[in-house]
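Only a predicted model underlies this, so the values are computations on that prediction, with no experimental measurement involved.
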Amino acid sequence: MKNSLRTLKGVGEKTEQLFQKIGIFTTDDLLHYYPRDYDAYDPPVDIASLEEGAVRSVRGAVTSGIYINQVKNMQVVTVTVADASGKLPIVWFNSPYLRSTLKRGSVFIFHGKLIKKQGRLQMEHPEIFTPAAYDGIQNSLQPVYSLTAGLSNKTIVKLVRLVLKDQSLMEEYLPENIRKNFGLAGLDYAVRTIHFPPNREELLIARKRLVFDEFLLFILAVQLLKEKTETAKNAFPMKKTWTTERIIENLPYSLTGAQLNAWHEIERDLSGRPLMSRLIQGDVGSGKTILAFLAMVMAAENGCQAALMVPTEVLARQHFEAFRKLIEEQGLSCRPVLLTGSCTAKEKREIYAKISAHEADIIIGTHALIQESVAYHRLGLVITDEQHRFGVKQREALTTMGNPPHVLVMSATPIPRTLAIILYGDLDISVIDQLPARRLPIKNCVVGTSYRPKAYSFIERQVREGRQAYVICPMVEESEGLDAENVLDYTKKLKGILPPDISISYLHGKMKPKEKNKVMEDFASGKIQILVSTTVVEVGVNVPNATVMMVENAERFGLAQLHQLRGRVGRGQYQSYCIFMQGNDVKETSKRLEILNKSNDGFYIAGEDLKLRGPGDLFGIRQSGIMEFKIGDIYNDADVLKASSEAAAEILASDSGLTLPLHRKLKEKLTEHMKDNLENLGI
């Protein structure tokens, strides 16, 4: 039921706009805006057993008076509570009214996060309950949603309850035999329970169903895409060419054995009878770009056009310059053009004319390559990175006179092969599992926040030697209820700590594309020496001069993502370093981060990370940025991913076109899903 949010009591224009900022336009969107976490009201624990970083409940008697200090423009309220095992200082901000509540000797349950200040544990801004009130919510899980400034968790909770109260039962679309075979809950139960779970067990049951559905619809969409590709006629048959062999021989370095194997597979595909649909999977720095260049040269030598599409303008420009250099060095006859969103209208018209007249045979750019205005003459090969996997719509935009091109996808995400086969079901897979010998291994360290001053001194020394550094924060700006570093405040703080002659700037996903490009260009050219950023730099730009990657709150990122971020450094001739700053002292976190400390091999890291995670570890970190699922995560939910793959195979084996009556509702859901989400999911 896709009603406007304005149909809900209490939602006016202002509230509606706030919801739209987080992608919620209808009541259906709201129901599928799942909590990012849950507040667990577990039984109170002894003060002596508390540890930093945990959210706990303690039962304590107030043993001190209330102290109110003015710090800048904020009132800080402090009180000490105690139980038989010890004492605990508790702090609130801007809550002077507590003076009348917290009388010496009175007993309350305090529920909040433990932090360490000056070597002592304290609880910060907890909720306060009488013992009787706490009994009423003990063992329950309360949803915590991702917010935007001006929108509170209470507002979302209230409106979700309203929708669930009025919502008739959600229509089941999975066949009963699939639900039974894979032990899945009903859809209505799952959606209601994911928002308001009575306990952890039921939450896991609900979540499994929603994750399963998300993966199943994704896999079915991929399989239908594969079927379409396999039946498509190859209008661009190619022959092997000596030019590519000559380039390989004349390169200033030798290709690794893994690169050569992958190249021979690409060459075989391009000269074979069916259309190529191949994924090159290789760690950051493994040398995928040269293979893309070779494939484009082979296409051009065969009278075809080749397009290389990347996520950022800066990277597109870098690839274009690198390809032009290759043309000059090797004396090639290729004619490349660069097409990005920031080209002027006049430049675009000239480039479009060259493309349609086949005066350009190599087209490098961003998503501007698939705009309606671009008319290709004989586009035989499309190369993209994983951020731009093509759905049916995009592939149709890139067909020449109805003829689909060969497709090559490049991925630097270290996904274990068993999962990659499922996720990239429409593609054959080549793996580059060797790094070029000329690369210096990155030196890693996992440290606590007390190491920060040393880290800043080290970064300053690197900058003085002419190098550059990245600092990664998990958030753009300060957020209610999240104790983590944010880009905007951190940039100010760093400017106050480091000398003023060091150029520091920031980058985040909420900036306008032009602003982002300007910052990336200034960093690539060395005008910015330290870049404070969110994970938007995970894909983007090659800066061989950057030698330090420092990640704040490293515990908030998945290992695969941390490995991707680390790959931004170590790309030049200088020794590079990665500093993982752990914001808590939790042993499990240290164990996970230690895997990164020991190895620079992305596939090993991904495999080890899978071993560490159990099916109940759902409050963990989102691992995978490549497939933006709402709730599923390919690492945390690897078992569910495999199960949904089996289910998809079972369904398609019995009914490849989903025409049977028992699959009618599933087909309707899949059609709706493909229409709404295909581009978002990155297929």
Does [Y] offer a backbone N or O that forms a donor-acceptor pair with the side chain of [X] under 3.5 Å?
X: Gln305; Y: Ile355; result: yes
X: Ser644; Y: Leu641; result: yes
X: Tyr145; Y: Lys154; result: no
X: Gln223; Y: Leu652; result: no
X: Lys288; Y: Gly282; result: yes
X: His195; Y: Pro143; result: no
X: Glu202; Y: Thr193; result: no
X: Tyr38; Y: Ser140; result: no
X: Glu172; Y: Leu187; result: yes
X: His406; Y: Phe236; result: yes

Problem set entry | Steps toward side chain to side chain contact (heavy atoms under 4.5 Å, CB included) verdict (Leu220, Leu666) | CA-CA 10 Å; Leu220 287 171; Leu666 176 61; 4.2 Å; yes

Shortest non-hydrogen contact between [X] and [Y], atoms and distance:
X: His508; Y: Lys516; answer: O-CD, 3.6 Å
X: Asp655; Y: Leu660; answer: OD2-N, 2.8 Å
X: Ala316; Y: Thr340; answer: CB-CG2, 4.2 Å
X: Pro405; Y: Val382; answer: CG-CG2, 3.6 Å
X: Met238; Y: Ala299; answer: SD-CA, 3.7 Å
X: Gly602; Y: His563; answer: CA-NE2, 3.2 Å

Problem set entry | Criterion side chain to side chain contact (heavy atoms under 4.5 Å, CB included) on Val409 and Ile383, from CA distance to verdict | CA-CA 6 Å; Val409 179; Ile383 304 176; over 6 Å; no

Exercise. Does the pair Asn517 and Val314 meet the rule for a side chain to side chain contact (heavy atoms under 4.5 Å, CB included), with working shown?
Worked result: CA-CA 6 Å; Asn517 274 327; Val314 186; 3.8 Å; yes

Does a side-chain heavy-atom distance below 4.5 Å link [X] with [Y]?
X: Asp428; Y: Glu265; answer: no
X: Ile280; Y: Trp263; answer: no
X: Thr26; Y: Asp29; answer: yes
X: His264; Y: Glu267; answer: yes
X: Leu18; Y: Thr155; answer: no
X: Leu174; Y: Leu184; answer: yes
X: Met298; Y: Ser271; answer: yes
X: Ser373; Y: Lys348; answer: no

Exercise. Under 30°, 30 to 60°, or over 60°: which ring-plane class applies to His319 and Phe293, parallel, tilted or perpendicular?
Worked result: perpendicular

From [atom1] ([X]) to [atom2] ([Y]), nearest 0.5 Å:
X: Leu30; Y: Phe25; atom1: CG; atom2: CZ; value: 13.0 Å
X: Leu381; Y: Ile266; atom1: CG; atom2: CD1; value: 9.0 Å
X: Gln20; Y: Glu16; atom1: CD; atom2: CD; value: 4.5 Å
X: Leu562; Y: Ile595; atom1: CG; atom2: CD1; value: 11.0 Å
X: Arg278; Y: Ile429; atom1: CZ; atom2: CD1; value: 9.0 Å
X: Leu662; Y: Lys667; atom1: CG; atom2: NZ; value: 13.0 Å

For this session: Apply side chain to side chain contact (heavy atoms under 4.5 Å, CB included) to the pair Leu147 and Asn153, showing each step before the final yes or no.
Result: CA-CA 7 Å; Leu147 306 171; Asn153 201 65; 4.3 Å; yes

For this session: Look at Glu668 together with Arg664 and state whether they make a salt bridge at an N to O cut-off of under 4.0 Å.
Result: yes

Exercise. Does Arg6 make a cation-pi contact with Phe19 (under 6.0 Å, within 45 degrees of the axis)?
Worked result: no

